[in-house]
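Proteins come first, then strands; the chains are lettered A, B, ... in the order of their sequence lines, and each starts at number 1. Treat the numbers as computed from the prediction; the structure is a model and nothing was measured.
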Amino acid sequence: MSILDHIKSAVATAVSQLYATPTEANAVQVNPTPSEFTGDYTIVIFPFVRAAKKAPEATGAEIGAYLQENMPFVKGFNVIKGFLNLEISNTWWLDFLADMNNNADYGRQPRNGRKVMVEYSSPNTNKPLHLGHVRNCLLGWSCSQILDAVGYDVVKVQIINDRGVAICKSMYAWLTFGEGKTPESEGIKSDHFVGDYYVLFENKSRAEYAAWQDTDEAKALFASRTKTELTEKEFFGEYKNKWFNTHSKLGAEVRDMLLKWEAGDPDTVALWQQMNNWVYAGFDTTYHRMGVAFDKLYFESNTYLLGKDLVEEGINKGIFYQKEDSSVWIDLTDAGYDHKLVLRSDGTSVYITQDLGTARMRYEDFGAEKVVYTVADEQNYHFSVLFEILKRFEEPYAAGLYHLSYGMVELPHGARMKTREGTVVDADDLMDEVERLAKEASAEKIAELSPEEQQDTIQKIGLAALKFFMLRVNPRKRMVFNPEESVELLGQTGPFIQYSFVRTHGLMKRVSAEQIDMSNFNGYTDILPIEKELLKALYEYPAAVQQAADEYDPSHLASYCYNLAKEFNRFWHDVKVMSAETPEARAFRLQLSKATGKVLESGMKLLGIDMPERM
RNA sequence: GGUCUCGUAGCUCAGUGGAUAGAGCAUCCGCCUUCUAAGCGGACGGUCGCAGGUUCGAUCCCUGCCGAGAUCACCA
């Protein structure tokens, strides 16, 4: 039981006894005391003045006296307006510091025996990973680490969208224009190689469309448009998909290829394998560099036919209904959604059918009671519907479904990233760039390290900048990706936190090199305000991890790490550690530094960020 | 049009039913003979989108409006 829980329950008892008003412990508000007031923790008294029938000050004084009387670690208190500020005894803080440094798992909860699946990344295989995938991967990875830290067994999965029109475009372009080239022959990273053919296809297609727009047929179509307010450009913009499916020669070729693939045509399947293998090899490199990994891969080519048995089950259970054309639907109007198609009239599945089937299959595979889907917010509606349907099926995991929805990463000026327009920010390029800047900034400072160590340090710094930039923002929010700011190394950044860690690490190296005794810190009695602030920040760590887990939101943890680092830097600036006034003060400050280093390293690890030893 | 999300300093973002709403960047001013200045401090900067309501107390909860985005396919 934490000290805050003790305080809450003691306040509840006090109110119950003093004012004969039964009060729940969780109705008591306790906050860290702001530094401009005296005290460590503050109880908000306003809620109890009605029961006390006294002024807030008098009520606070009575409760304060009760707490001081009954709680050994409450050393004193003061009341300002409706706020009761408690002072916690130094011995309690010293014990806390000792316990924390003896606990290798500070901030981690014991295993709870429960299982959660986290799905993230889930790319298409027709092109390399870009900035949006980076945000996705960092969120998914960090959430899985955080859930692990609070006790869950986490299964990290991705579902690879390896089939469909998109990959066929790359396949067709390579087959038609590739002249047998390979990533090896061209010296191009293999996923980029495949992506280049996708872009090539889109270029050819665009040219075909432009030429078609000059035909009499197209002109007649434009002249006969019903929405007369549309300009020619707008009209043909809207018409593009229709054209691709009805007029385009390239479109016909791709559809033909998809049909062959579905029929299992050996040449087509072999080509598909080849293209996908190139892409996977490239993805693996990128994932590895990004520091993310998966426990199990699902492939859409294996799951896209799933879910039909659920359709039948749904009809039998009365969850779904069938129309005369034999298409199958669900009426979700009572839940605030619309009627939703779950099976086409030709009997083929749609996206949500697959997802229903995949959900059940994965439960059969792992039995996870919670499933986190890390998918961009453009699919909010889809997941609301999916979860609602699974709830109506009374799937055992239905209550544990969560859509970790995140806002699109936009380019400055509100532009969305589009492969066809060449406005994507490529994940590999991005990592190159942050490392280049990290190298620029670090070169002199780490010059005496070995080349390998230098490279390692630079990678850690660059990735920290990128990862922290993306994870410190609440996932729900759209974020504007400004290339210059994202790789900033000063201020509220990953490298700032790394730098604070490096300071603690430097102290610990001296402790072992000079065999400094850190054990007599208990003799330090007059804890300074700056030291107390640091202790309070350290104390908050488990709660920060828990909040990040409860809300599936690593940004809470990112804020926490930044605040702790900031606090440590203030401490570092204000007091001497190695040359402290007394051996006890030195021991105490070293213990504090050690604890800070531990928490920073562990907290950042949960964000997927590694610490360098020097920088 | 319906639904959902977002709106806090010039910019990027935190934040909580409670004390004077906080950081970073930018601008300006200080601080390295002292454990790494990738640091620390200070100044400047706010009608917490607008209007009502609930409350002892609202930036936070509720309603309406305004603005931005997403979505509402027999696409994935």
Worksheet entry | A/T303 side chain vs A/L306 backbone, donor-acceptor pair below 3.5 Å |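 A pair under 3.5 Å: no.
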For [X] and [N], what is the distance between atoms [atom1] and [atom2] respectively, to the nearest whole Å?
{"X": "A/F469", "N": "B/rG24", "atom1": "CZ", "atom2": "P", "result": "17 Å"}
{"X": "A/E488", "N": "B/rA26", "atom1": "CD", "atom2": "C1'", "result": "11 Å"}
{"X": "A/K509", "N": "B/rU36", "atom1": "NZ", "atom2": "P", "result": "10 Å"}
{"X": "A/M479", "N": "B/rG24", "atom1": "CE", "atom2": "P", "result": "19 Å"}
{"X": "A/E262", "N": "B/rA76", "atom1": "CD", "atom2": "P", "result": "10 Å"}

Less than 4.0 Å between a side-chain N and a carboxylate O, is that true for [Y] and [X]?
{"X": "A/E435", "Y": "A/K439", "value": "no"}
{"X": "A/E567", "Y": "A/K536", "value": "no"}
{"X": "A/E581", "Y": "A/R589", "value": "yes"}

Worksheet entry | Phosphate OP1/OP2 of B/rA37: any A/W572 side-chain N/O under 4.0 Å |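 So the side chain of A/W572 is within the cut-off, an N or O lying under 4.0 Å from OP1 or OP2 of B/rA37.
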With sugar-phosphate meaning primed atoms plus P, OP1 and OP2, does [X] contact a base, only sugar-phosphate, or nothing at under 4.0 Å between heavy atoms?
{"X": "A/P475", "result": "nothing"}
{"X": "A/F37", "result": "base"}
{"X": "A/I461", "result": "base"}
{"X": "A/L489", "result": "base"}

Please give the distance between the [atom1] atoms of [N] and [M] as a whole number of Å.
{"N": "B/rG15", "M": "B/rU59", "atom1": "C1'", "value": "9 Å"}
{"N": "B/rC48", "M": "B/rA23", "atom1": "C1'", "value": "16 Å"}
{"N": "B/rU8", "M": "B/rU33", "atom1": "C1'", "value": "45 Å"}

Quick check for you: among [options], whose closest atom lies nearest to any side-chain atom of [X]?
{"X": "A/R503", "options": "B/rA37, B/rC74, B/rC72", "answer": "B/rA37"}
{"X": "A/N569", "options": "B/rU36, B/rC40, B/rC74", "answer": "B/rC40"}
{"X": "A/Q379", "options": "B/rU12, B/rU71, B/rA76", "answer": "B/rA76"}
{"X": "A/F496", "options": "B/rG39, B/rA76, B/rC13", "answer": "B/rG39"}
{"X": "A/E378", "options": "B/rA70, B/rA19, B/rA38", "answer": "B/rA70"}
{"X": "A/R344", "options": "B/rC35, B/rC74, B/rG41", "answer": "B/rC74"}
{"X": "A/L507", "options": "B/rA38, B/rC35, B/rU36", "answer": "B/rC35"}

Check if the side chain of [X] and the base of [N] share a donor-acceptor pair of N or O atoms closer than 3.5 Å.
{"X": "A/K477", "N": "B/rU5", "result": "no"}
{"X": "A/T493", "N": "B/rA38", "result": "no"}
{"X": "A/N85", "N": "B/rA19", "result": "yes"}
{"X": "A/S345", "N": "B/rC74", "result": "yes"}
{"X": "A/S442", "N": "B/rA38", "result": "yes"}

Worksheet item: In terms of base orientation, is B/rC50 syn or anti, with the syn window spanning 90° either side of 0?
Response: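 You should classify B/rC50 as anti.
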Worksheet entry | Earlier contact from the 5' end, RNA chain B, for A/R510 and A/A441 |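 Residue closer to the 5' terminus by nearest nucleotide: A/R510.
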Practice prompt. Let me know, please, whether A/R570 or A/E36 comes out on the 5' side of the other along RNA chain B by nearest nucleotide.
Written response: A/E36
Worksheet entry | A/K127 NZ/CZ over A/Y198 ring centroid, <6.0 Å and within 45° of normal |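 So A/K127 does make the cation-pi contact.
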Worksheet item: Does A/Y562 have A/R472 sitting over its ring (NZ/CZ under 6.0 Å from centre, angle to axis within 45°)?
Response: no
